[in-house]
Amino acid sequence: MILLFALACQDAGDSKDKADDTGSATAPDDDADGFTEAEGDCDDNDGNVNPGEVEVCNGRDDNCDGDVDEGVEKTLYADHDGDGFGNAEETSQACGVADGLVENGNDCDDTDENAYPGAPETCNEVDDNCDGRVDEGVSDTYWADADADGYGDAAAEITACGPQSGYTDNDGDCDDTDDGAHPGAEEVCDEADNDCDGSVDEGVTSTYWVDLDDDGYGDAGAADTSCAQPTGYADNPDDCDDTDADVSPGGTEICNGVDDDCDGTVDGADAVGTATWYDDADGDGYGDPAVATTSCDAPPGTVANDDDCDDTEADVSPGGTELCNGVDDDCDGTTDEDSATDATTWYLDYDGDGHGGSRYSTVSCDAPSGYVASSDDCDDTSASVSPSASESCDGVDNDCDGSTDEGLSTSTYYADADGDGFGDATDSTTDCTAPADYVSDSSDCDDGDDTIYPGATELCDGLDNDCDGYADDGVLGTSSTCPAEDCTEILDTDPSAADGTYYLDLGSYYCDMSTDGGGWTRVKDNATVYGTGYDTSYFNSEGFTWTETLFAYDSGTVHAHCTYPDDLTGCNNLGFQFASESWGVPLNWGSSICGMSTTSYTSATDYVGGYDFVISRSSSTDTIRLGTLEGISSCTTGDNPGTAYVDILVRR
């Protein structure tokens, strides 16, 4: 560390002695603060004093601007009473707080240590808390109480710090000369407002009504108010005729055309001498027992009897005629009895086919159980024989029309020689019922073998066991005991075959059954494509016969002149070789690379979505190689990064 310090000092010293490019000496910076005297340093012996320093409150010109402590001094206020709040009119400037000075000038009386902002206000005629108000919130209003009843005169008020003799804390008295008159006092009948509620003698007087007939009930039109009930007056106004002592709310109503009991009704239902009358709404002379009226005289539309059982129908009464209509027309308590004038004759339907025989019958409004309205059954012991039945091929007159097996349609039936339930379409007969060993189905594709029929289990035997038009469909390629030639053969036998691994004559292979019609056999999974070289392997060395090959992008990215798989249009950078032929390029290839001779497969290319394309050619078992043309020719590969992976599939 000492050595470093010495070297630093040597460098600093050397710098003072060196001249600039013009040959003049460098101006000295003695305090090494980055400023010389020529550059404005006002004290080149103090590294903390220069034009770049921040002015602090220390009694010197730190930033060399000619001013000392400018902008950093504080304004202080005199605090004579020592309460922490200063006098706004006595100020001074200083760097720090000194005794007797504070940083605020908020005191309203700097001679009183109890008067300052925030001090508690007391009732002393002084603004203790410096809010500009005196004794606010600590004084109260009182009112004169001359009659000493605890209630004051609102017209005589004072403000004081506490209760005063002869005063009270409320102004509710309405007469401060009478100690019996105040809020809460009892109102008495003396023509004065005793309880100070603004009303005189309220609630202590009563209303009375003239009672001329002296029956205890007064005339509502003749009233008077008094503290006590006068002679010849009643305490109620309920009389409806004050000239008749027999007429009052206590009178007895009689059938006389007068409202004897003053209830507003003349000769009401409670009158003595009334009778009960019944509504006859349908005017048939019979009354409704449910609608009765009690009155002195019969009201219009009423009768004295209650014998009607339906007062809405004039045809229904004790004098009515019983009909089959679900109504008790004669009001005898029974509905639609067998004696009804329009009762029906019903016939026994023994076999329950909806048609009765003519031998057994009965008369009633409704059909008894097991009876019907017709008697046209020609055989009431057989439910399959009636006028409603269809004629059957059975030698019986099923429809009761007098003819047997007439007009029957026939059907075609097919021989089922192997007894598997499915017939031979080439061997048929026509009849109204199926002969023995014949069926209505003609879909058997081999009527000599009972293991072959629609719905049978498909076997790996070269036969169409389930008659769906395909042999070995669904089983070909599913096990090592039933291998296929290739994926195309599997799809040919089962158009619904799914993508997956299948057993072929050459081993297990992945089959793509969906791309571009399917039937593809994968001969290479993830063939490597380099930007700087290529995989020299020959694929399909096992020798599958093919007429089309599918190059399906799998993953990765490679650059060789252009980027695969991103650049396709005008610059497909893949090249392929079939057997020992020239390397080929597909549709969209832009140009050859490094003069390499290639074969164009533009017209044989079919893009099948995304980056995948198919090359078509004549049938062969040729091998297939794949790379980028730059990688194959080892030309300009220095800027060819990356590796892509492509699946190679073939089909015929």
I need the L629 CG to S634 OG distance, nearest 0.5 Å. 12.0 Å
Would Y553 and Y564 satisfy ring pair (Phe, Tyr, Trp, His ring centres under 6.0 Å), going step by step from the backbone distance to the final call? CA-CA 9 Å; Y553 171 72; Y564 176 79; 5.8 Å; yes
Give every residue pair that meets the salt bridge (charged side-chain N to carboxylate O under 4.0 Å, His left out) criterion with at least one member in residues 434-448, sequence neighbours excluded. none
Non-hydrogen side-chain atoms of W546 and V523 separated by less than 4.5 Å: no
Has the side chain of D62 got a donor or acceptor atom that lies under 3.5 Å from a matching backbone atom of E53? no
Minimal non-hydrogen separation, C482 against V475, with atom names: SG-O, 3.8 Å
Report yes or no: does D29 contribute a side-chain atom to a donor-acceptor pair with the main-chain N or O of G34 at less than 3.5 Å? yes
Pairwise side-chain contact, T430 with T412, heavy-atom cut-off 4.5 Å (strictly under): yes
Whether E630 side chain and T637 backbone form a donor-acceptor pair below 3.5 Å: no
I'd like to know if the side chain of E322 reaches the main chain of A340, judged simply by a donor and an acceptor atom lying under 3.5 Å from each other, with no hydrogens or angles considered. no
Identify the heavy atoms of S442 and A425 that sit nearest to each other, and give their distance. O-CB, 3.6 Å
Report yes if the side chains of S619 and R652 come closer than 4.5 Å at any heavy-atom pair, otherwise no. no
Distance-only, no hydrogens or angles: does the N398 side chain make a donor-acceptor pair with backbone N or O of S392 under 3.5 Å? yes
Residue pairs meeting side-chain hydrogen bond (donor to acceptor under 3.5 Å, both in side chains), one or both in residues 508-531, sequence neighbours left out, come to D499-S514, Y509-E542, D512-S514, D512-T515, D516-R651
Inter-residue atom distance D311.CG - D282.CG, 0.5 Å rounding: 4.5 Å
Taking atom OH of Y350 as the centre, does the number of heavy atoms from other residues, nucleotides or ligands within less than 6.0 Å exceed 12? no
Do D606 and S616 make a side-chain contact, defined as non-hydrogen atoms from C-beta onward lying under 4.5 Å apart? no
Please check this pair: side chain of Q577 against backbone of W583, looking for a donor-acceptor N/O pair closer than 3.5 Å. no
Check: G352 main-chain N/O paired with D349 side-chain donor or acceptor under 3.5 Å: yes
Show, in sequence, the C-alpha distance, side-chain angles and deciding distance for D310 and T312, and conclude whether the side chain to side chain donor-acceptor pair (under 3.5 Å) test is met. CA-CA 5 Å; D310 185 349; T312 64; 2.5 Å; yes
Quick check on the 6.0 Å ring-centre criterion: do Y438 and Y413 meet it? no
Is D494 close to L476 at the side-chain level, that is, under 4.5 Å between some pair of heavy atoms? no
Tell me, do V316 and C331 make a side-chain contact under 4.5 Å, heavy atoms counted? yes
Quick check for you: to the nearest 0.5 Å, what is the distance between D332 atom CG and S339 atom OG? 8.0 Å
Given the rule in the side-chain contact (heavy atoms from CB on, under 4.5 Å) test, do T599 and E581 qualify, once you have shown the distances and angles that lead to the verdict? CA-CA 9 Å; T599 298; E581 297 175 6; over 6 Å; no
In sequence, state the C-alpha distance, the side-chain angles, and the governing distance for V558 and T643, and then conclude on side-chain contact (heavy atoms from CB on, under 4.5 Å). CA-CA 5 Å; V558 61; T643 301; 5.8 Å; no
Between T549, V614, L550, which is the residue that forms a side chain to side chain contact (heavy atoms under 4.5 Å, CB included) with L649? L550
To the nearest 0.5 Å, tell me how far C460 SG sits from D472 CG. 4.5 Å
Looking only at heavy atoms, what is the nearest atom pair of S386 and D377, with distance? CA-OD1, 3.9 Å
Please name the residue in the list F539, Y538, F551 that meets the ring pair (Phe, Tyr, Trp, His ring centres under 6.0 Å) test with F576. F551
Assess whether atom OH of Y371 is packed by more than 12 heavy atoms of other residues, nucleotides or ligands within 6.0 Å. yes
For D505 and E489, what are the C-alpha separation, side-chain angles and deciding distance, and is it a side-chain contact (heavy atoms from CB on, under 4.5 Å)? CA-CA 11 Å; D505 292 336; E489 183 182 14; 5.6 Å; no
Mind listing the closest non-hydrogen atom pair of V372 and G356 along with its distance? CG2-N, 3.2 Å
Quick test of your reading of the model: are D380 and R359 salt-bridged, counting only N-O distances below 4.0 Å? no
Should T457 and N465 be marked as a side-chain contact (heavy atoms from CB on, under 4.5 Å) after you check the CA-CA gap, both sets of side-chain angles, and the distance that decides it? CA-CA 7 Å; T457 300; N465 306 95; over 6 Å; no
Check: L323 main-chain N/O paired with D329 side-chain donor or acceptor under 3.5 Å: yes
Point-to-point distance, once rounded to the nearest 0.5 Å, from CG of D315 to CG of D330: 12.5 Å
Using modelled atom types only, decide if a donor and an acceptor are shared between the side chain of D279 and the backbone of A281 within a distance under 3.5 Å. no
Can you name the nearest heavy-atom pair linking G517 to L491, along with the distance? O-CD2, 3.2 Å
Taking the side chain as everything from C-beta on, heavy atoms only, tell me whether R625 gets closer than 4.5 Å to Y534. yes
Quiz question: by atom type and distance under 3.5 Å, do the side chains of S364 and D366 form a donor-acceptor pair? no
Main-chain N/O of G333 paired with D328 side-chain donor or acceptor, under 3.5 Å: yes
Distance check, rounded to the nearest 0.5 Å: L504 atom CG versus S480 atom OG? 12.0 Å
T545 side chain near D486 side chain, heavy-atom distance below 4.5 Å: no
Step-by-step ring pair (Phe, Tyr, Trp, His ring centres under 6.0 Å) determination, Y601 to F578: CA-CA 12 Å; Y601 281 85; F578 304 136; 5.6 Å; yes
Correct closest heavy-atom pair for D418 and D450 would be O-CB, 3.3 Å
